[in-house]
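Inspection log for the structure reproduced underneath, given as C-alpha cells.
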Amino acid sequence: MPEGPEIRRAADTLEAAIKGKPLTEVWFAQPHLTDYAAGLVGQQIDAIETRGKALLTHFSGGLTLYSHNQLYGVWRVVKAGEIPETNRVLRVRLQAADKAILLYSASEIALLTPEQLAQHPFLLRVGPDVLDMRLTVEEVKARLLSPRFRRRQFAGLLLDQAFLAGLGNYLRVEILWHSGLTGQRKAEQLSESELDLLAEALLAIPRFSYQTRGRVDEKKHHGALFRFKVFHRAGKKCERCGGMIEKTTLSSRPFYWCPGCQR
C-alpha cells in the first residue's frame with residue numbers, strides 16, 4: 001500500500017506531464033461530472049496537491065478535482081490520444097496537447113468549489129500532511145501532546161490519518177526505530193528529549209523517503225538514500241545495537257522492531 005512519499009511522487013509525475021498546459025480534452029465517466037467537462041477545456045491545472053492519500057487537482061478556473069485511490073485506483077501518464085490496453089475502468093481523462101493523465105478504478109471522485117473543498121468530510125478528518133513543508137516540528141510536538149492524542153499508543157496513532165496524514169506501516173516502524181521507542185509507548189510518557197526526537201523523526205523520515213527512495217545513483221544525488229532499518233528485516237541484526245530484529249502484529253498490521261534498543 002503506497003504511503004505519503006509514494007503518493008507525492010506520483011503527484012509530481014502528473015504535474016510534470018500536464019501542469020500549466022491548456023487542457024484540450026476533459027472526460028469524466030460519472031454522469032454527475034460530465035456537465036463540467038466542456039467548461040474545463042481551455043483551463044490549465046495549477047497544482048496537484050496531496051492530503052495523505054487523496055489527490056487534489058486544482059484547475060485555474062477555481063474548481064478542484066478530489067480523488068482518493070482507495071485500494072484499486074491508479075493514475076497514469078500517456079501520450080495525447082493514446083488509449084492504453086488495460087482491464088481497469090477509466091474514470092477521468094485530462095488531456096493537453098502532448099500528454100494526458102488518466103485515472104482508473106478510483107471510486108471516490110468529486111469536483112468541488114473552494115467552499116465545498118473546505119467542508120469535504122475526508123479533508124476535515126485528516127490531520128496535517130507530513131510532506132507539507134509548512135508543517136514544523138514544533139507543531140507536530142504540540143499535536144503529540146494534545147489531549148486528543150497524548151494517551152494513544154504509537155502503534156495505532158502513527159496509522160491514524162487524523163493525527164498526521166501520509167503516514168503508513170513502513171513509516172510507522174522506521175520512525176519508531178529511529179526514535180528508540182516501542183509501539184506501546186504514549187506521548188504522555190515521554191521525556192522532553194524523547195518527544196523532540198520523535199517529533200523530528202515524524203517529519204524527517206517521510207521527507208527523506210520522498211526525496212531519495214527509489215533513486216539508485218547515490219553519487220549523483222549527493223548523499224545517502226533512504227533504506228529500511230527494520231521494515232521487512234525480521235531475523236536480521238539491528239545496525240544500531242546488534243540485536244535481532246523481530247516481527248509481531250500491532251494494530252492489525254505487521255510490526256518490526258528491535259527489542260535491544262527500542263524501549
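As a basis for the values below, the full set of heavy atoms in this structure was taken, side chains included, without hydrogen atoms, waters or symmetry mates.
Side chains of E246 and C258 form no contact here, defined as non-hydrogen atoms less than 4.5 Å apart. L250 is not listed as a side-chain neighbour of W257, based on a closest heavy-atom distance of 4.5 Å or more. Using a 4.5 Å cut-off on side-chain heavy atoms (C-beta onward), F154 and L198 make contact. The side-chain heavy atoms of L90 and L103, taken from C-beta on, include no pair separated by under 4.5 Å. Contact annotation: the side chain of Y66 never approaches that of T57 to less than 4.5 Å [non-hydrogen atoms, C-beta and beyond]. Using a 4.5 Å heavy-atom cutoff, the side chains of R125 and F122 are in contact. Residues D196 and K141 form a side-chain contact, since some pair of their non-hydrogen atoms from C-beta on lies under 4.5 Å apart. Contact check for R172 versus S251: side-chain heavy atoms found under the 4.5 Å cut-off.
Without hydrogens or angle criteria, D129 side chain to G52 main chain gives a donor-acceptor distance under 3.5 Å. A donor-acceptor contact shorter than 3.5 Å links the side chain of K21 to the backbone of A17. Q119 contributes no side-chain N or O that, together with a main-chain N or O of Q116, makes up a donor-acceptor pair within less than 3.5 Å. Checked by atom type and distance alone, the side chain of Q262 pairs as donor or acceptor with a backbone atom of L181 at under 3.5 Å. R88 contributes no side-chain N or O that, together with a main-chain N or O of E85, makes up a donor-acceptor pair within less than 3.5 Å. Under a 3.5 Å cut-off, the side chain of R91 and the backbone N or O of A29 do not form any donor-acceptor pair. The backbone N or O of F226 sits less than 3.5 Å from a side-chain atom of T212, completing a donor-acceptor pair. Of the possible donor and acceptor atoms, none in the side chain of R207 sits under 3.5 Å from a partner among the backbone N and O of P5. With Q189 contributing its side chain and K186 its backbone, the two residues share a donor-acceptor pair below 3.5 Å. For the pair Q161 (side chain) and L167 (backbone), a donor-acceptor distance under 3.5 Å is present.
There is a side-chain donor-acceptor pair under 3.5 Å between Y170 and S209. When only modelled atom types and interatomic distance are considered, N169 and Y256 share no side-chain donor-acceptor pair under 3.5 Å.
Interatomic distance, L33 CG to L111 CG, rounded to the nearest 0.5 Å: 5.0 Å. For the atom pair CZ (R93) and CD (Q95), the distance works out to 4.5 Å, reported to the nearest 0.5 Å. We find the CG-CG distance between L65 and L94 to be 6.5 Å, quoted to the nearest 0.5 Å. Summarising the geometry, atom CZ belonging to R148 is positioned 10.5 Å from atom CZ belonging to F163; distances are rounded to the nearest 0.5 Å. Atom OG of S67 is separated from atom CD1 of I109 by 6.5 Å, given to the nearest 0.5 angstrom. Between the CG atom of L203 and the CG atom of L131 there is a distance of 9.0 Å, given to the nearest 0.5 Å.
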### Task
Take I175 and H178 through the test side chain to side chain contact (heavy atoms under 4.5 Å, CB included) and record every step on the way to the result.
CA-CA 5 Å; I175 287 166; H178 181 84; 5.8 Å; no

### Message
Set out, in order, the CA-CA distance, both residues' side-chain angles and the distance that settles side chain to side chain contact (heavy atoms under 4.5 Å, CB included) for E200 and L202, then state yes or no.
### Response
CA-CA 6 Å; E200 290 166 4; L202 282 163; over 6 Å; no

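Within 6.0 Å of the OH atom in Y36, the count of heavy atoms belonging to other residues, nucleotides or ligands does not exceed 12.
Taking every heavy atom of both residues into account, S60 and Q43 meet most closely at OG-CB, 3.4 Å. Considering all non-hydrogen atoms of both residues, A201 and P206 come closest at O-CD, 3.5 Å.
A salt bridge is defined here as a Lys NZ or Arg NE, NH1 or NH2 lying under 4.0 Å from an Asp or Glu carboxylate O, and R51 with E49 meets this definition. We find that D98 and K79 are not joined by a salt bridge, their nearest charged nitrogen and carboxylate oxygen being 4.0 Å or further apart. Using a cut-off of 4.0 Å between Lys/Arg side-chain N and Asp/Glu carboxylate O, R8 and E3 are scored as not salt-bridged. Remark: R152 engages D160 in a salt bridge, criterion side-chain N to carboxylate O under 4.0 Å. Salt-bridge annotation for K229 and E174: absent, with no side-chain N of the basic residue lying under 4.0 Å from a carboxylate O of the acidic one.
A side chain to side chain contact (heavy atoms under 4.5 Å, CB included) with L171 is found for one member of L176, I205, V130 and no other, namely I205. Among the candidates D132, L56, L55, the single residue satisfying the side chain to side chain contact (heavy atoms under 4.5 Å, CB included) test with T50 is L55.
Aromatic ring pairs are classed by plane angle as parallel below 30°, tilted from 30° to 60° and perpendicular above 60°; the pair F228 and F231 is perpendicular.
Qualifying salt bridge (Lys or Arg N to Asp or Glu O under 4.0 Å) partners for E138, counting only residues two or more places apart in sequence or in other chains: none.
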